[in-house]
**Student:** 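Got a structure here, written out as structure tokens. Questions coming.
Since this is a predicted model, take the numbers as computed values, not measurements. Naming: A, B, ... by sequence-line order, numbering from 1 per chain.
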2 protein chains.
Amino acid sequence: MPNNLIEKCDCDVIHQDVVNQVKDKMPQEDLLYDLAELFKVFGDSTRIKILWALDEAEMCVCDIAFLLNMTQSAISHQLRVLKQTKLVKNRKDGKVVYYSLIDDHIKHIFNQGLVHINEK
Amino acid sequence: MPNNLIEKCDCDVIHQDVVNQVKDKMPQEDLLYDLAELFKVFGDSTRIKILWALDEAEMCVCDIAFLLNMTQSAISHQLRVLKQTKLVKNRKDGKVVYYSLIDDHIKHIFNQGLVHINEK
DNA sequence: GTATCATATGAATAGATAATCAAGTGTTCA
DNA sequence: TGAACACTTGATTATCTATTCATATGATAC
């Protein structure tokens, strides 16, 4: 154990061999952080609904707000988040802005999540 | 539009046909809520790390705390969340509590997430 | 121009949450 | 029995976040 590290766990029963083995197999810190950030985006039912809806059809902000019975402002804020995460794109037609999905893996990730839920 | 509903969007350009079509295809509100709750659990890098680690090997609280350089208490709190979500289980051996994964879909969900990240 | 409409945005607020700290279980072992 | 240990738990706190409200932008139509 390097002595320049302040280890926060001072347990005696640590299984060093197992821990080292696992440590070697763990992905980069950054990658796991990015992964958590992605799931954080999915971790809100409003955004889940928006993504699910956009997987069915391209829609304008107004349509989504009406569909989910929420204010246009709330939807707009969430669409901003989804756009920053590169999950949705938009096109402008006059005053109206149409949103659609970028990534076609999304539904697959959702379905895998549902598998877990149905098994509980 | 049923007049007993307070619609929060009063736009004029709503594409009624599209909205209705999407509405029919949307899963139950509860299901999408549960799905968001699941992803919320994945939306924290500490929990992601714990789950990834436990996918490699069964470990005690102490091992995980040491591996992630966090306090045992913080890990214990997160393990509680993961247990409530039925993502991990534990067994007791004397003073030591060993945790392991329940669901083998988890890694698959993570890998799908990574596909999205790598495509950005 | 200006009125209207669809959307965006910034500030504010209420609610959620992750880590910390301190105290509590329950087990082992001397 | 009681000290030591692995872990849990409850309260607290700092931080984050989703919605709301008010206002801004940018396009259309008159």
**Student:** Which part of the nucleic acid does A:Tyr99 contact within heavy-atom distance under 4.0 Å: base, sugar-phosphate only, or nothing?
**Tutor:** sugar-phosphate
**Student:** Specify the separation, in whole Å, of atom CG of A:Asp63 and atom C1' of C:dA6.
**Tutor:** 11 Å
**Student:** Return the value, rounded to whole Å, for the distance between atom CD1 of B:Ile75 and atom C1' of C:dA18.
**Tutor:** 11 Å
**Student:** Looking only at N and O atoms, is any donor in the side chain of A:His77 or the base of D:dT20 less than 3.5 Å from an acceptor on the other one?
**Tutor:** yes
**Student:** Which whole-number value in Å describes the distance from A:Arg80 CZ to D:dA24 C1'?
**Tutor:** 14 Å
**Student:** By nearest atom, which of the nucleotides C:dT20, C:dA8, C:dC5 is closest to the B:Thr71 side chain?
**Tutor:** C:dT20
**Student:** With DNA chain D as reference, determine whether A:Lys40 or B:Ser76 sits nearer its 5' end, using the nearest nucleotide of each.
**Tutor:** B:Ser76
**Student:** After noting the C-alpha distance and the side-chain angles of B:His15 and A:Phe66, does the key distance pass the ring pair (Phe, Tyr, Trp, His ring centres under 6.0 Å) rule?
**Tutor:** CA-CA 10 Å; B:His15 306 77; A:Phe66 182 77; over 10 Å; no
**Student:** Quick one: A:Met70 CE to D:dT17 C1', roughly how many Å, whole number?
**Tutor:** 13 Å
**Student:** Please give, in whole Å, the distance from C:dG26 P to B:Gln72 CD?
**Tutor:** 16 Å
**Student:** Specify the residue among A:Cys11 and A:Gly43 whose closest nucleotide of DNA chain D lies further upstream toward the 5′ end.
**Tutor:** A:Cys11
**Student:** Let's go through B:Lys49 and A:Glu29 carefully: what are the C-alpha distance in whole Å and the side-chain angles of both, what is the deciding distance for salt bridge (charged side-chain N to carboxylate O under 4.0 Å, His left out) to 0.1 Å, and is it a yes or a no?
**Tutor:** CA-CA 9 Å; B:Lys49 286 177 197 166; A:Glu29 174 101 19; 2.7 Å; yes
**Student:** Please check the phosphate of C:dT17 (OP1 and OP2 only) for any side-chain N or O of B:Gln78 closer than 4.0 Å.
**Tutor:** no
**Student:** B:Lys92 has an atom NZ; how far is it from atom P of D:dC7, in whole Å?
**Tutor:** 10 Å
**Student:** Does a nitrogen or oxygen in the side chain of A:Thr46 sit under 4.0 Å from OP1 or OP2 of D:dT19?
**Tutor:** yes
**Student:** Nearest whole Å is fine: how far is D:dA29 C1' from A:Lys95 NZ?
**Tutor:** 8 Å
**Student:** To the nearest Å, how far apart are A:Asp44 CG and C:dG15 P?
**Tutor:** 16 Å
**Student:** Ring centres of B:Phe42 and B:Phe110 under 6.0 Å apart?
**Tutor:** yes
**Student:** Kindly say whether B:Gln72 contributes a backbone atom to a donor-acceptor pair with the side chain of B:Ser76 at under 3.5 angstrom?
**Tutor:** no
**Student:** Measure the acute angle between the ring planes of B:His108 and A:His108, then classify it against the limits of 30° and 60° as parallel, tilted or perpendicular.
**Tutor:** perpendicular
**Student:** What is the nucleic acid contact for B:Lys83, judged by heavy atoms within less than 4.0 Å: base, sugar-phosphate only, or nothing?
**Tutor:** nothing
**Student:** Going by modelled atom types, is there a donor-acceptor pair between the base of C:dT9 and the side chain of A:Ser73 at under 3.5 Å?
**Tutor:** yes
